[in-house]
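Each chain gets a letter, A, B and so on, in the order the sequences are listed, and its residues count up from 1.
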There are 2 protein chains.
Amino acid sequence: MRMTKVAPQIRIRLKVDPVLVARICHALSDATRLAILDRLRNGDQCVCDLVDVLGAGQSRLSFHLKTLKDAGLVRDRKDGRWVHYSLNTETFLAIEAFLASFRKAEDATEAQACCKT
Amino acid sequence: MRMTKVAPQIRIRLKVDPVLVARICHALSDATRLAILDRLRNGDQCVCDLVDVLGAGQSRLSFHLKTLKDAGLVRDRKDGRWVHYSLNTETFLAIEAFLASFRKAEDATEAQACCKT
DNA sequence: TCAATATATCAAGATATTTCGATTTGTCAA
DNA sequence: TTGACAAATCGAAATATCTTGATATATTGA
């Protein structure tokens with residue numbers, strides 16, 4: 001982690017498309033989808049596991065998983081007749097950077113990368 | 001900014017209500033509202049200024065400003081016959097912390113505060 | 001091949017959100 | 001007090017999203 005102050009022009013900056021931000025935030029704005037993401041904290045889950053744990057219908061979960069995938073918040077991996085979903089942390093990082101830019105007046109209309117682990 | 005490592009039990013933690021997260025993210029999921037937030041980067045704006053700049057109807061802007069205010073993303077301040085809106089950075093920080101928790105396996109179901117300026 | 005299982009997709013209805021125009025409320029200045 | 005202006009609210013129409021049940025696709029094992 002970089003600790004010394006750097007000049008503005010060499011800061012890491014990410015230009016964030018508002019259409020993508022809206023899509024990501026929309027994906028995060030539903031209780032079922034937040035519950036799915038919460039289940040994925042502990043690693044990959046197949047749809048059938050999520051159906052069992054969340055008590056939601058299979059087509060409903062497929063619908064929400066597609067929304068999360070289209071937003072880039074999750075990835076899917078096919079394994080035989082199962083599909084495993086997992087968190088895509090890059091997108092979380094990108095949206096965090098976008099939101100952080102609202103707390104940093106000097107960054108005007110662009111987002112600044114932060115929170116790197 | 002704290003630079004030394006701290007033990008997990010004394011980390012700052014924020015329990016985030018999924019209902020509030022959904023409300024905040026919903027507020028962030030609309031192009032008009034993102035445009036409003038972008039205008040507020042440079043400080044307070046009254047509704048009439050936003051109407052001029054964004055080219056949207058007044059009732060439409062009032063509707064979206066209410067959505068943003070209910071989500072805690074903006075504050076309003078009455079000044080004579082004008083109402084000035086401004087960014088509420090605390091809520092941005094809270095939602096960033098919530099999102100960051102998905103990138104930190106050890107935090108399980110709670111969000112960790114980060115990105116403090 | 002056939003039956004069972006996992007997942008995706010579709011259509012239709014239910015629900016929620018957004019937009020617009022009109023009205024209302026509150027403030028100020030003449 | 002009156003007229004003008006800023007902003008919020010309301011009802012109705014338009015649009016988008018979510019849920020459900022049915023069906024389609026793909027994979028596996030018998």
Side-chain angles (χ1 to χ4, degrees), chain A residues 17-40 43-88, chain B residues 17-40 43-88:
Chain A
D17 177 359
V19 174
L20 292 183
V21 171
R23 183 181 301 158
I24 294 166
C25 290
H26 169 254
L28 290 166
S29 71
D30 175 87
T32 302
R33 290 192 289 267
L34 289 174
I36 290 170
L37 294 175
D38 197 54
R39 291 303 306 179
L40 297 181
D44 292 33
Q45 299 274 309
C46 64
V47 180
C48 53
D49 286 344
L50 294 169
V51 167
D52 290 347
V53 169
L54 300 178
Q58 179 265 317
S59 69
R60 185 175 156 196
L61 279 189
S62 272
F63 169 80
H64 288 298
L65 286 165
K66 180 167 165 43
T67 303
L68 289 168
K69 186 183 159 191
D70 289 348
L73 288 164
V74 301
R75 293 182 190 285
D76 61 347
R77 173 176 58 81
K78 192 149 198 238
D79 174 29
R81 84 183 91 170
W82 293 275
V83 177
H84 291 262
Y85 285 87
S86 57
L87 297 177
N88 183 4
Chain B
D17 178 358
V19 174
L20 292 183
V21 172
R23 184 180 300 158
I24 293 167
C25 291
H26 169 254
L28 290 166
S29 71
D30 176 88
T32 302
R33 291 191 289 267
L34 289 174
I36 291 170
L37 293 175
D38 197 54
R39 291 302 308 177
L40 297 181
D44 292 33
Q45 298 274 309
C46 64
V47 181
C48 52
D49 286 345
L50 294 169
V51 167
D52 290 348
V53 169
L54 301 179
Q58 180 265 317
S59 69
R60 184 175 156 196
L61 279 189
S62 272
F63 168 81
H64 288 298
L65 285 164
K66 180 167 163 43
T67 302
L68 289 168
K69 187 183 160 192
D70 289 348
L73 288 164
V74 302
R75 294 182 189 283
D76 61 346
R77 175 176 56 82
K78 192 149 200 237
D79 174 29
R81 83 184 90 167
W82 292 275
V83 177
H84 291 261
Y85 285 86
S86 58
L87 297 177
N88 183 5

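In this structure, CZ in R77(B) is found 4.5 Å from CG in D44(B), a value given to the nearest 0.5 Å. With values rounded to the nearest 0.5 angstrom, Q45(B) atom CD is found 10.0 Å from L87(B) atom CG. Here the straight-line distance linking atom SG of C46(B) with atom CG of D49(B) works out to 3.5 Å at 0.5 Å rounding. Note that CG of N88(A) is 11.0 Å distant from CG of D76(A), once rounded to the nearest 0.5 Å.
Across L50(B) and L61(B), no two heavy atoms sit closer than the pair C-CD1, 3.4 Å. Closest approach of Y85(B) and L40(B) over heavy atoms only: O-CD2, 3.4 Å.
With sequence neighbours excluded, the residues that form a salt bridge (charged side-chain N to carboxylate O under 4.0 Å, His left out) with D70(B) are K66(B). Residues passing the side-chain hydrogen bond (donor to acceptor under 3.5 Å, both in side chains) test with R81(A), sequence neighbours excluded: none.
Remark: nothing in residues 68-77 of chain A comes within less than 4.0 Å of DNA chain D through any heavy atom.
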Requested in this report: Apply side-chain contact (heavy atoms from CB on, under 4.5 Å) to T67(B) and L73(B), showing your working.
Outcome: CA-CA 9 Å; T67(B) 302; L73(B) 288 164; over 6 Å; no

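As rounded to whole Å, 13 Å separates atom C1' of dA6(D) from atom CG of L65(B).
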Solution key, residues 22-30 of chain A side-chain donor-acceptor pairs under 3.5 Å, sequence neighbours excluded:
unit_1	atom_1	unit_2	atom_2	d
S29(A)	OG	H26(A)	O	2.7
D30(A)	OD2	T32(A)	N	2.9
D30(A)	OD2	R33(A)	N	3.0

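Here chain A contacts DNA chain C (any atom closer than 4.0 Å to a heavy atom, that is under 4.0 Å), and the contacts span dT5(C) to dT9(C) from 5' to 3'.
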Report summary line: For nucleotides 13-24 of chain D, 5' to 3', base contacts (B), sugar-phosphate-only contacts (S) and non-contacts (-) with protein non-hydrogen atoms under 4.0 Å give ----SSBBBB--

